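Chain A is the first sequence line, chain B the second, and so forth, proteins listed ahead of strands; every chain is numbered from 1. A quick note: this is a predicted structure, and the numbers were derived from the prediction, not measured.
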Number of protein chains: 4
Amino acid sequence: MARPTNTDARRAEIVEAMLRVMARRGYARASIAAIAEEAGLTAGLVHYHFRNKQAILLALVERIAGVAQARFEALSASATSPRARLDAFIDAHLARGEGADPDAVACWVALGTEALAQPEIGAAYGRVIAGQLEALTQLVRDAGAAPGDAPRVAAGLLAAIEGAFRLAAIVPGAIPDGSAAATVRAMASGLLGGEDR
Amino acid sequence: MARPTNTDARRAEIVEAMLRVMARRGYARASIAAIAEEAGLTAGLVHYHFRNKQAILLALVERIAGVAQARFEALSASATSPRARLDAFIDAHLARGEGADPDAVACWVALGTEALAQPEIGAAYGRVIAGQLEALTQLVRDAGAAPGDAPRVAAGLLAAIEGAFRLAAIVPGAIPDGSAAATVRAMASGLLGGEDR
Amino acid sequence: MARPTNTDARRAEIVEAMLRVMARRGYARASIAAIAEEAGLTAGLVHYHFRNKQAILLALVERIAGVAQARFEALSASATSPRARLDAFIDAHLARGEGADPDAVACWVALGTEALAQPEIGAAYGRVIAGQLEALTQLVRDAGAAPGDAPRVAAGLLAAIEGAFRLAAIVPGAIPDGSAAATVRAMASGLLGGEDR
Amino acid sequence: MARPTNTDARRAEIVEAMLRVMARRGYARASIAAIAEEAGLTAGLVHYHFRNKQAILLALVERIAGVAQARFEALSASATSPRARLDAFIDAHLARGEGADPDAVACWVALGTEALAQPEIGAAYGRVIAGQLEALTQLVRDAGAAPGDAPRVAAGLLAAIEGAFRLAAIVPGAIPDGSAAATVRAMASGLLGGEDR
DNA sequence: AATGAATGAGCCTTCATTCAT
DNA sequence: AATGAATGAAGGCTCATTCAT
């Protein structure tokens with residue numbers, strides 16, 4: 001009773017530390033010891049707050065997806081047209097500037113590989129993707145896509161976003177300066193019928 | 001002279017075995033022992049033919065990129081217009097059917113993560129991407145992209161391709177049936193000015 | 001604070017275990033597993049306390065040199081003449097009886113070989129030898145060696161000491177009973193000009 | 001029949017190659033592959049000529065001891081006094097110049113460690129030392145040592161020689177320039193009664 | 001004689017996890 | 001909550017040795 005619980009704060013710190021370490025080394029080499037050091041804690045304490053290493057990764061999936069979602073909501077708030085809301089989605093993921101976190105991007109890329117190999121991570125990752133796909137499908141539908149086309153268009157745009165993460169994270173310079181968001185917007189325009197915003 | 005060498009064949013077998021194991025488990029969990037077993041060899045022999053585990057991965061990068069390149073050249077041979085050659089590039093990577101290898105796709109996705117953490121892999125991966133970007137830039141230029149736009153368009157299309165790999169490999173069903181190639185072709189049309197194929 | 005540290009004691013135990021194993025088998029065959037068993041620990045724990053095998057060897061160099069130095073200081077305390085202090089140095093290294101440790105001698109011999117092959121060990125070994133040479137040079141100077149001769153005399157005596165270790169450790173019986181200390185004392189007398197022993 | 005046997009030459013080459021590699025890396029790290037490469041052969045062939053790695057080491061003991069013995073005999077041939085023959089022994093081992101081989105010295109030092117751990121090597125090394133001790137005992141006796149003292153004196157001088165090898169090989173500069181032979185000669189003089197040569 | 005593939009054992013090291021304190 | 005010791009299981013890699021050719 002005496003000591004107020006700091007569990008939530010500690011857990012967030014640990015997740016954040018894993019984000020940093022994993023962006024640099026990948027999941028397998030992100031040892032608990034390294035994560036603990038990054039967070040200024042001891043390895044034992046990390047296991048006090050998380051059942052195992054996978055549990056941290058699961059929390060990390062939520063954390064990254066949550067930040068992206070929040071960013072979308074923030075940008076979306078000032079959007080007045082369906083098309084503007086679609087652009088907000090694209091910008092939430094790809095625009096440079098405030099809120100953009102290269103480590104999170106690298107981490108998300110690395111995370112995909114774990115989703116491939118660890119069913120639990122695959123499920124969590126799949127849930128995030130499904131949610132984004134659903135949102136995006138609605139957005140493109142609102143923006144004028146033919147109802148039957150919407151799922152394909154949404155999948156294409158999400159693929160372009162995820163692919164842009166990959167190229168940007170792995171091959172510096174592969175994507176010209178800050179063109180990612182603008183290019184995906186243009187793709188959206190093309191897929192929606194070419195009409196301008 | 002006394003004994004004929006079989007190194008090339010063995011190396012190919014080992015690379016192929018790594019492809020299979022890695023598609024399932026990722027790089028870190030693709031132990032030499034598991035690779036050897038998949039290939040029907042002993043772990044010692046694997047190290048006789050490859051200096052270390054990374055060397056197998058490096059060979060795998062070349063192998064996957066080479067197959068994709070060969071597939072493009074085959075499809076491209078029967079293309080008669082610039083736009084058809086661009087479609088050949090897209091189809092070479094995304095079309096279902098003969099030559100499509102889901103394990104290679106999963107492996108390529110996993111490989112990106114290693115490219116992030118291992119500089120040597122990053123360099124090899126970067127070289128492949130740079131080559132594809134260069135080819136794609138020329139293709140979109142030939143297909144009528146404004147010269148100044150070509151690099152951006154190429155990067156966008158390659159991102160869409162890589163992202164489609166990711167979604168397809170990690171989240172079954174994320175991309176409707178076999179729509180990936182068609183959707184990216186449509187994106188290309190949009191980016192090139194909306195003219196039909 | 002929660003748990004008191006026992007690292008220093010454990011490290012000493014491990015170093016001592018390496019001393020025993022290495023005296024019997026040499027460095028290369030003194031596997032971490034064998035050292036751990038000798039110390040009654042697990043191999044994993046050895047690596048918890050030492051970064052790697054070489055680090056144990058480095059600690060062992062200090063340990064052996066430290067014991068010899070301590071023995072010299074103890075014997076030297078009761079020496080009343082310069083010549084007696086020189087004899088104390090010789091006896092500290094070569095006399096039988098209390099404090100003499102055949103395992104340490106064998107280990108020191110084996111250590112020289114590693115000093116030859118591992119630069120870090122060579123440096124540590126070289127530092128010890130340099131210190132002994134310096135001390136010995138001063139001792140023979142005090143005992144009446146011509147100033148210009150002192151370094152040569154010191155080197156000769158240290159060589160005789162190290163060589164006696166070798167012969168004694170490797171070829172039982174090569175050095176008659178316990179004659180080593182007396183013989184080196186006689187060498188010192190000869191080199192110093194034959195004055196009384 | 002057609003092919004004249006080259007076994008003896010090959011064996012000598014292999015022993016020589018081990019000498020070079022072992023001087024650099026020590027016995028354990030002198031892999032058969034490294035030895036073969038140094039000799040310009042293949043690992044398989046090395047095992048064709050030697051039953052196992054230890055057998056090469058055994059041959060190496062004989063080779064190094066044989067060279068020293070030959071050098072002694074050559075220098076001894078022109079010696080006219082007992083004392084000169086004793087000096088010839090010392091010079092045969094310690095003098096710089098023609099015939100001195102730093103690699104052989106380093107190797108001999110490393111060899112001692114193996115003698116400690118491998119009984120067969122210990123026996124071979126012991127035989128060499130016993131032979132040298134016997135010869136040296138006779139030499140010091142001829143040079144005027146008191147009969148009862150001769151074994152001790154011989155042991156002391158051999159220790160000084162072996163110790164000089166060690167210091168010279170491991171700690172460059174420990175023994176001033178080329179003073180080793182002269183210093184051991186002086187030691188001999190002292191032990192023999194101080195009379196000059 | 002010679003080559004090169006193949007084996008199998010062993011070693012150092014890393015690391016997630018547990019647990020006493 | 002927190003620390004730090006301890007464990008046990010792998011994993012990558014080296015290497016002497018064998019053997020078919």
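As a whole-Å value, the separation of D:His49 NE2 from E:dT3 C1' is 12 Å. Look at CD on D:Glu13: it is 12 Å from P on E:dA1, rounded to the nearest Å. Rounded to an integer number of Å, the gap from CZ of B:Arg29 to P of F:dG12 is 12 Å. One atom, CG of C:Leu45, and another, P of E:dT18, lie 18 Å apart when rounded to the nearest Å. Remark: P of F:dG12 and CG of B:Leu57 are 12 Å apart, rounded to the nearest angstrom. Rounding to whole angstrom units, OH of residue D:Tyr27 and P of F:dA16 are separated by 8 Å. The separation between B:Tyr48 atom OH and E:dG8 atom C1' is 16 Å, rounded to whole Å. Between the P atom of E:dC11 and the CZ atom of C:Arg25 lies a distance of 8 Å, rounded to the nearest Å.
Between the side chain of A:Arg10 and the backbone N or O of A:Leu45, no donor-acceptor pair lies under 3.5 Å. Remark: side-chain polar atoms of C:Asn6 are not paired, donor with acceptor, to backbone N or O of C:Ala9 under 3.5 angstrom.
Among the nucleotides F:dC19, E:dC12, F:dG11, the one closest to the side chain of C:Lys53 is E:dC12. Minimum atom distance to the side chain of C:His47 is reached by E:dC12, of the listed E:dA6, E:dC12, F:dA5. For C:Pro4, the listed nucleotide lying nearest its side chain is E:dT21; candidates were E:dT21, F:dC19, F:dA5.
F:dT21 is paired with E:dA2 under the criterion used here, namely a Watson-Crick or G-U wobble arrangement in which both key atom distances are under 3.5 Å.
Of all the heavy atoms in D:Ala28 and D:Lys53, the pair that sits closest is O-NZ, 3.6 Å. Between C:Gln118 and C:Tyr27, the closest heavy-atom pair is NE2-CE2, 3.2 Å.
Among the heavy atoms of the strands lying under 4.0 Å from B:Ile32 are primed sugar atoms or P, OP1, OP2 only; no base atom is included.
Side-chain nitrogen and oxygen atoms of C:Arg10 include at least one within less than 4.0 Å of the OP1 or OP2 phosphate oxygen of F:dA6. Neither OP1 nor OP2 of F:dT3 sits under 4.0 Å from any side-chain N or O of C:Thr5. Contact annotation: A:Thr42 side-chain N/O to F:dG4 OP1/OP2 distance is not under 4.0 Å. Under 4.0 angstrom from either OP1 or OP2 of E:dT18 there lies no side-chain N or O belonging to A:Asn52.
For B:Ala43 and C:Ala33, each mapped to the nucleotide of DNA chain E holding its nearest heavy atom, the one lying further toward the 5' end belongs to B:Ala43.
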